[in-house]
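Working notes, structure below.
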Amino acid sequence: MREHDRRSIRLPTYDYNSPGYYYLTICTADRLCVFGQIEDKKMVLNEIGKIADRRWRQIPFRFPNVKLDVYVIMPNHIHGIVQIMDNDAVGAIHESPLHGLERR
């Protein structure tokens with residue numbers, strides 16, 4: 001398995017628990033294309049992609065202090081911008097999750 005080979009772009013002194021806008025990228029396990037495919041330069045979601053889309057749009061219902069901005073679902077990842085209104089209920093941490101943990 002290839003290790004994570006990109007350097008972190010996190011600012012070492014920034015408090016990522018702070019309110020603000022955050023750009024997120026969420027990748028699928030092993031970068032498998034499970035959300036759909038590109039056809040005629042357009043993303044066509046399959047059933048799993050439609051589930052991912054619904055779950056993304058439900059984020060503000062689960063976390064009322066989070067607002068969604070623009071997002072796009074690609075075959076093996078999601079890009080999105082979220083706005084965190086306050087930090088009381090987010091549960092954000094200052095570290096990235098550990099890589100190589102056993103998947104459940």
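Computed from heavy atoms alone, side chains included, the values below leave out hydrogens, waters and symmetry copies.
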Residues two or more places apart in sequence or in another chain: which of them pass side-chain hydrogen bond (donor to acceptor under 3.5 Å, both in side chains) with N46? none

Rounded to the nearest 0.5 Å, how far does CD1 of I78 lie from CZ of R55? 11.5 Å

Hydrophobic cluster membership, with links at side-chain heavy-atom distances under 4.5 Å among I/L/V/M/F/W/Y: are I48 and I26 in one? yes

For a quick test of reading the model, state the closest non-hydrogen atom pair linking P75 to G36 and the distance between them. CB-O, 3.5 Å

I51 with L32, same ILVMFWY side-chain cluster at under 4.5 Å: no

Could you tell me which non-hydrogen atom of A52 sits nearest to which non-hydrogen atom of I73, and how far apart they are? C-CD1, 4.1 Å

Any donor-acceptor N/O pair, N76 side chain to T28 backbone, under 3.5 Å: no

Quick check: does any side chain N or O of D15 sit under 3.5 Å from a backbone N or O of N17, one acting as donor and the other as acceptor? yes

At what distance, to the nearest 0.5 angstrom, does CZ of F35 lie from NZ of K50? 14.5 Å

Remaining members of the apolar cluster that contains F61, side-chain heavy atoms under 4.5 Å: none

I'd like to know whether V82 forms a side chain to side chain contact (heavy atoms under 4.5 Å, CB included) with Y21, so could you lay out the CA-CA distance, the side-chain angles of the two residues, the decisive distance to 0.1 Å, and finally the verdict. CA-CA 6 Å; V82 297; Y21 286 87; over 6 Å; no

Expected output: side-chain Y71 to main-chain L24 donor-acceptor under 3.5 Å: no

Hydrophobic clusters here meaning ILVMFWY residues chained together by side-chain heavy-atom distances under 4.5 Å, can you tell me if V34 and V72 are in one? yes

Are V44 and W56 in one and the same hydrophobic cluster, where Ile, Leu, Val, Met, Phe, Trp and Tyr link if side-chain heavy atoms are under 4.5 Å apart? no

Starting from M85, can I reach V70 by hopping between I/L/V/M/F/W/Y residues whose side chains sit under 4.5 Å apart? no

Should M74 and I38 be marked as a side chain to side chain contact (heavy atoms under 4.5 Å, CB included) after you check the CA-CA gap, both sets of side-chain angles, and the distance that decides it? CA-CA 8 Å; M74 299 302 292; I38 305 291; 4.0 Å; yes

Distance (rounded to the nearest 0.5 Å) between K67 NZ and D69 CG: 10.5 Å

Of all the heavy-atom pairs spanning Y14 and Y22, show the shortest one and how long it is. OH-OH, 3.5 Å

How would you list, by chain and number, every residue that makes a side-chain hydrogen bond (donor to acceptor under 3.5 Å, both in side chains) with H79, sequence neighbours excluded? Y23, T25, H77

